[in-house]
A.B. asks: 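Just dropping this structure here.
Here is the naming used below: chain letters follow the sequence lines, and residue numbers restart at 1 for every chain. For clarity, every value in this text was computed on a predicted model and none was experimentally measured.
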Amino acid sequence: MQERDALLKKKVEDSAEIIPPEKLALLDPVIEKYQGSSSYLIPALKEAQEMFGYLPMEVQRKLAWGLNIPAPQIYGVVTFYSFFTITPRGRHTIRLCLGTACYVKGAKNMLEIITREVGINVGETSKDDRFTLEAVRCLGACGLAPVMMIGEDTHGNIMPSATLGILEGYQ
Amino acid sequence: MVTLTIDGVKVTVKKGSSILEAAQQAGVRIPTLCHDKRLIPFGACRLCIVEVTARGRTRTMPACFNPARDGMEVATNTPKLRDSRRLQLMLLLRSHPLLCPSCDAGGDCQLQNLVFEYEVPELSFGRQSRYFHVDNDSNFIRFNMNLCIRCGMCVRVCEEVQGQSELSFVNRGIESEVSTDFDRALDCEFCGQCASICPVGAISSKWLVGTGRRFELQDTSTVCAFCSLGCSLTLGEKDGKTVYVTSSEDSVNEGNLCVKGRYGWPFAYSDSRLTKPLIRKDGLLVEASWDEAIQTVAEKFGAIKKSSGPDSLAALGSQRLTNEEAFVFNRLVRTVFGTNNLDHAGGYAYRSLTDGLAPMLGYAASTNQIREIRGAKAVLLLGADLTETHPIAKNEINLASVRKKAKVIVVDSIRTKLSYRDGFFLDVPPGYEDLVVNSMLKFIIDEGLLDRASVDLRVEGFEELAESLKDYTPEAIAAALGLDADLIKAAATAYAKAETGVIILSEGLNRYRDSSPLSKAAVNLALVTGHIGKESCGVYVFGEKANAQGALDMGLTPDLLPGYHLVRDEAARSKFEDLWKGQIPASPGMNARDILKGAENGSVKGLYVVGENPLDTYPNRQRVQNGLSKLEFLVVQDMFLSSTANIAHVVLPVAAPYEKAGTFTSSERRIQKLNPSSKQIQGKPDLEIFMSLAAKMGKPELSYAGYSEVMSEIAGAAPMYSGVSYERIGDKGLVWPCLDDEDSGTSTLYEGGFPIGKARLAPAKLLGMVSRSSGSLKLIPCVLKFHSGSFSEWSPSLMEVCPPGFAEMSRVDMTNLGLNDGDAIKIVGNNGQAINLKAKESRRALRGTVLVPYHFSKNKLNSFTDWGSTEIMIQVEKA
């Protein structure tokens, strides 16, 4: 259980990449649009994430400055919602369910296989930017356990040994 | 009012009070882990659950956020509730490391106390360790989130009270913890409120780690010696040395402290403190005995007095002296030196603000209490950057803004942090705040937004005022200052229509000229709109240093005797001559500016400087230096070898504020007692020095058995102190006017009327030319929350968190000059004076202005300033 809890915890680390100022300037229209009301933080974050693919420190700080919302509060929101991410994502996001049903039906083995073969831990992105691995608590399809989503596609009743085959379909 | 019964005790409370508050009033204790009276109830810990029987039904509910209702029967300690609380505590212990034997909070941990009280047994379920961040890198404060119980009090006090929001809950569910963004070290006000409110050991004072536990410390409560708000401090001492400072939640400041109060005290233990008197011999300052030093001072001053007359002597006191010391210093200078050449820095800064108040209202001081500001519906800040100058008063505005939805109207030349609150920001060139106030008033009168009853019944001079305002139309003023007239009108409407409104002025650094027009304009506005003589209304003037108000009350000025009696007034003078057993010269003496001029031209030969550092803080450094160096004899009485002390002939070391007794009068007129904590006095208390000097100068009758004896003399001399005595000053002090032994003080002035009959409106001054130079940059000397005068430079902790060497500039100006954040720049003044600093991009700096903190002697910022001028033109170049 402890192991599983640790996997479900969101990775918190400084973004490796440094966003150049000219790229950060892309945020100016977002800031202009949502300035003046702190209740628009979530739409602003959503647009920023669509723009950059993730919400690194520089982006959060710039939004904090522009929207006049304290940076810790923004960070609190970003880490609260699983939709937001602080680290860059690959082309395909694997959402592997580690809910109780999936866990007992082999999700743990699937995780081991992905970790070993793709070379990434939960919360990480492969070096070729192909996959980002996320562990989720439940996908609401326990009848299909173990379940995994890749991008928008849902895969259920997976034999752990078939995991790699499914991944092959995503380049 | 509602009446309910709590554990059999009948209690009547205000409607809207919570069950918890009702219980506190009834004297029934309900345990809590996430509640503080300063915060909005949160309901996280579930320990305050009580059984409520109303209309025949019994339910269990949290007491902290459920309102008390009529007829409720509340039980707080039934077996069921005890079981439930015990289970809550067990759940908290499930993942709380049981490192109590080595935890810094041991003995002062509310969780530990409750676990003990509720006899929590061995957990019947498995314990689980979780790992959260530990921050040892922040200044003063240490975070160990493994000990956190998620009560959220730190997050809430930071947001609700401080308005800082440096902390937030991050992550979710069982993984949530309190942190900054990306777990970085703190970069905030460093008020330490989070550490002081933490019920466990998760956030603690770094200095206490491994030093001692709370219960080992010997507590002394005294008054903070930095700014003028009079916060009460509790000094925790171990082995005769202060190691911890906090404030009681029952104090006037409700336990709130700022960075200076909580973490500024290490100056008292600085190695730079002077321990022995210094006498200049062969050009060098060398240590000497007290006897020799006092003897030298007495002889030299005596000789100058004999050869050149008493008026060749002069003295500068300080806002940092206690009332008693200021009073005795006053007596010493006037009766022993025999001169009225006596002043202090507040004589030109603080006084020009309060001077506007006295003739119009009756008293030269703030009208209301600081804690009333939170109830205001409109707050008008005139050149008052309270976040930096008076952080605890800033909290009040934060509360008014958030809880009362008050409009915050900021008129300033700095984009202050409070200007981001809901309200209006009117940027004016330094020193032109009064124009905006007058135009607001003009608009209010023209639009009929005034309080008719107040104007008809309480004031006189309305017609003259209205006539004098005829040029101050919002349009004209807006055009002159480059503002939007509609903004002035909207601000005026907001203030006039608000049920309660306060106006706040603070002694700031861009006040080298007479600021009385500003305070007069403020009082006019408050009177005409009826915002005076009521709770949560009035005009506040906040001084810079601890005893700003007291220094004026005690008459540290050339023309006033203690209690605002005029030197010119024959009767008053003779009363003081009897009291002080000595002659007082009949004509007012020289003020600080003239004293320094006199030093330059040779008419002042001997100067006694007590607790000030004119060389670093008075305007026009060049001339100050010229004057001081021409003096035949300069005596400086200080804790440290300040720049001024460094050129003195004799330096007398004094005790730190934590080492002495006496009283300070805060900006809300509250007289509070200091209590010495440390026995390790280095130097002597000022009072003692004054007495020994008087004795050596042939006036041994200037002698007091102690501070309380001085206070009883003050009570006889200053009318508003007449009911004050040491026995009567309790934990929360006494607020003057306190007229007799029965009087418990007056928190709101002018409630029943004005001591001068009707309040007198003051006509506005003629509208002069507004100089708006464009193109060139203006220097604004500013105050920072981490510092106080030039004296905080001796506090290693404050220097660590805010070192010197930067100038704040706007992004636009930096781009125009091709500067990046952190670039070295050279600031050059009109007379060729220059300083090298680092540019810092800041939102506080408006376009065309450069903000430089004035606290640091190495910056020599006063080489740019001058008496009577508010605008300092400079050139900025890349260094």
Side-chain angles (χ1 to χ4, degrees), chain A residues 1-16 18 21 24-25 28 31 35-39 41 45 54-87 98 122-123 135-138, chain B residues 94-95 125-133 135 138 143 145 150 152 154-156 158-160 162-189 194 398 402 415 417-422 425 811 815 820-821 841-844:
Chain A
M1 285 303 269
Q2 279 180 35
E3 196 186 334
R4 189 186 68 150
D5 277 356
L7 289 170
L8 286 167
K9 186 176 178 180
K10 194 169 265 194
K11 271 266 192 266
V12 177
E13 54 188 35
D14 297 2
S15 51
I18 289 169
L24 273 184
D28 289 338
I31 288 170
Q35 218 162 26
S37 174
S38 54
S39 47
L41 173 61
L45 286 172
Y54 68 118
L55 295 167
M57 187 194 284
E58 295 92 330
V59 169
Q60 290 188 35
R61 298 257 158 94
K62 169 127 185 173
L63 285 174
W65 195 83
L67 301 173
N68 203 22
I69 299 173
Q73 280 183 1
I74 294 190
Y75 183 74
V77 169
V78 169
T79 53
F80 183 86
Y81 291 104
S82 60
F83 175 80
F84 295 123
T85 172
I86 293 166
T87 41
L98 291 185
V122 171
V136 296
R137 279 162 204 275
C138 186
Chain B
R94 180 176 175 257
S95 57
F125 38 81
R127 288 179 31 79
Q128 185 202 23
S129 302
R130 289 178 285 152
Y131 296 97
F132 295 99
H133 88 283
D135 167 13
S138 294
F143 288 81
M145 278 304 132
R150 276 73 177 164
C154 50
V155 176
R156 289 180 288 145
C158 191
E159 181 183 354
E160 290 177 27
Q162 297 298 126
Q164 171 82 30
S165 294
E166 181 73 354
L167 295 173
S168 175
F169 274 115
V170 304
N171 290 317
R172 183 176 26 155
I174 198 166
E175 301 301 340
S176 64
E177 60 179 313
V178 171
S179 180
T180 55
D181 48 319
F182 296 90
D183 293 347
R184 64 172 163 80
L186 293 178
D187 176 21
C188 58
E189 293 178 16
C194 51
N398 189 31
V402 175
R415 186 78 158 109
K417 201 171 167 202
L418 287 171
S419 70
Y420 293 98
R421 295 264 155 211
D422 184 29
F425 175 57
R811 176 176 282 189
T815 314
N820 289 316
D821 209 32
E841 186 187 314
S842 160
R843 273 191 162 180
R844 281 166 25 88

A.B. asks: Taking all heavy atoms of A:Gln73 and all of B:Ser165, pick out the closest pair and write down the distance.
C.D. replies: NE2-OG, 3.2 Å
A.B. asks: So B:Glu175 and A:Thr79, side chain to side chain contact (heavy atoms under 4.5 Å, CB included) or not? Walk me through it.
C.D. replies: CA-CA 10 Å; B:Glu175 301 301 340; A:Thr79 53; over 6 Å; no
A.B. asks: Testing the basics here: between A:Pro72 and B:Ser179, what is the closest heavy-atom pair and its distance to 0.1 Å?
C.D. replies: CB-O, 4.4 Å
A.B. asks: Do B:Glu159 and A:Pro70 come close enough that some side-chain heavy atom pair is under 4.5 Å?
C.D. replies: no
A.B. asks: Identify which of B:Leu167, B:Val155, B:Val170, B:Thr180 forms the greatest number of heavy-atom pairs closer than 4.5 Å to chain A.
C.D. replies: B:Val170
A.B. asks: Flag the pair B:Phe182 / A:Arg61 as yes when at least one side-chain heavy-atom distance between them is below 4.5 Å, and no otherwise.
C.D. replies: yes
A.B. asks: Nearest 0.5 Å, please: how far is CZ in B:Arg843 from CG in A:Asn68?
C.D. replies: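 Interatomic distance, A:Asn68 CG to B:Arg843 CZ, rounded to 0.5 Å: 5.5 Å.
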A.B. asks: Of all heavy-atom pairs between A:Phe80 and B:Arg172, which one has the smallest distance, and what is that distance?
C.D. replies: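 The answer is O-NE, 2.9 Å.
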A.B. asks: Give every residue pair that meets the salt bridge (charged side-chain N to carboxylate O under 4.0 Å, His left out) criterion with at least one member in residues 71-87 of chain A, sequence neighbours excluded.
C.D. replies: none
